[in-house]
Enquirer: 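Below is the structure I would like to discuss, written out as structure tokens.
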Amino acid sequence: MMIQVLKSKLHCVRVTEANLNYMGSITIDEALMEAAAMVAGEKVQVVDNNNGERFETYIIAGPRNSGCICLNGAAARKVQVGDVCIIMSYAIVDFEEARTFKPIVLFPDENNAI
């Protein structure tokens, strides 16, 4: 049996931009992506701690070490610049592997640096 588990989490990052006029996605600093084992095109769940919004989108790599967390397209309506969000990615693993699987959980600072 296969189940879905938390693979990685960027806990309490700050939204730096909201770009309504882009076709969709979330732009994440490439250094944060690498540290969290996230890749461009990967589906993620975003939770906004300020307003309770929860939604899914996919990742676009942003400039390395920029601290960029930018919601694009329709998702830009669900956040405000400065909001604190949690970004989570998931993996499908065998049930037995899930028993010992350890997700990567990162706690960036107020500038979205690790």
Side-chain angles (χ1 to χ4, degrees):
M1 173 174 46
M2 305 296 280
I3 64 170
Q4 193 172 37
V5 298
L6 178 68
K7 178 181 71 91
S8 51
K9 176 167 76 166
L10 293 169
H11 190 79
C12 292
V13 293
R14 291 201 183 274
V15 174
T16 60
E17 295 177 62
N19 184 353
L20 183 60
N21 297 315
Y22 192 84
M23 290 179 49
S25 68
I26 184 170
T27 305
I28 301 175
D29 176 325
E30 194 171 36
L32 287 173
M33 288 173 53
E34 188 175 281
M38 294 176 176
V39 297
E42 182 173 4
K43 181 170 103 173
V44 290
Q45 181 179 42
V46 180
V47 178
D48 187 316
N49 286 354
N50 293 81
N51 63 23
E53 288 283 355
R54 299 176 76 92
F55 54 93
E56 293 179 340
T57 189
Y58 64 93
I59 299 171
I60 292 177
R64 183 175 288 276
N65 298 316
S66 65
C68 177
I69 301 291
C70 178
L71 279 303
N72 301 302
R77 293 196 183 276
K78 297 187 171 283
V79 300
Q80 299 269 329
V81 171
D83 281 1
V84 174
C85 291
I86 301 169
I87 303 169
M88 297 167 283
S89 68
Y90 299 89
I92 298 172
V93 300
D94 179 78
F95 182 78
E96 289 305 318
E97 180 184 358
R99 292 176 183 269
T100 58
F101 185 84
K102 300 286 186 239
I104 297 168
V105 179
L106 299 177
F107 298 88
D109 67 15
E110 63 278 353
N111 298 310
N112 296 333
I114 300 168

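Just so you know, residue 1 is the first one in the sequence shown, and it goes up from there.
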Enquirer: Quick one: does Glu53's side chain get under 4.5 Å of Val79's, heavy atoms only?
Expert: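 No, their side chains stay 4.5 Å or more apart.
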Enquirer: Can you tell if the side chain of Arg14 reaches within under 4.5 Å of the side chain of Ile69, non-hydrogen atoms only?
Expert: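 The answer is no, as the side chains (C-beta and beyond) never meet within the 4.5 Å cut-off.
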Enquirer: Rounded at 0.5 Å granularity, tell me how far CG in Asn112 sits from CG in Leu10.
Expert: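 If we round to the nearest 0.5 Å, Asn112:CG and Leu10:CG are 8.5 Å apart.
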Enquirer: Could you give the distance from CD1 (Ile26) to CD (Glu42), rounded to the nearest 0.5 Å?
Expert: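 Going from CD1 on Ile26 over to CD on Glu42, the span is 12.0 Å.
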Enquirer: Any side-chain heavy atom of Asn50 within less than 4.5 Å of one from Val84?
Expert: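 Touching, per the 4.5 Å side-chain cut-off.
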Enquirer: Specify the closest pair of heavy atoms between Val93 and Ala98, including all atoms of both residues, with the distance to one decimal.
Expert: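 The pair with the smallest heavy-atom distance is CG2-CB, 3.7 Å.
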Enquirer: Check the pair Arg77, Leu20 against side-chain contact (heavy atoms from CB on, under 4.5 Å), reporting the backbone distance first and the verdict last.
Expert: CA-CA 7 Å; Arg77 293 196 183 276; Leu20 183 60; 3.3 Å; yes
Enquirer: What's the spacing between Ser89 OG and Leu6 CG if we round to 0.5 Å?
Expert: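 Here the rounded value is 6.5 Å.
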Enquirer: With rounding to the nearest 0.5 angstrom, report the SG to CD1 distance, Cys12 to Ile86.
Expert: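 One gets 5.0 Å once the value is rounded to the nearest 0.5 Å.
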Enquirer: Taking the side chain as C-beta and beyond, is there a heavy-atom pair between Lys78 and Asp48 under 4.5 Å?
Expert: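 SC-SC contact between Lys78 and Asp48 ruled out.
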Enquirer: Between atom CZ of Phe55 and atom CG of Leu71, what is the distance when rounded to the nearest 0.5 Å?
Expert: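 Rounded to the nearest 0.5 Å, the CZ-CG separation comes out at 4.0 Å.
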Enquirer: Is any side-chain heavy atom of Thr57 closer than 4.5 Å to one of Val44?
Expert: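 Result yes, sub-4.5 Å side-chain heavy-atom pair found.
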Enquirer: Restricting to non-hydrogen atoms, name the atom on Gln45 and the atom on Tyr90 that form the minimum distance, rounded to 0.1 Å.
Expert: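 So the two residues come closest at OE1-OH, 2.7 Å.
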Enquirer: Donor-acceptor pair, Asp29 side chain versus Asn65 backbone, under 3.5 Å?
Expert: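 Here the side-chain-to-backbone pair exists.
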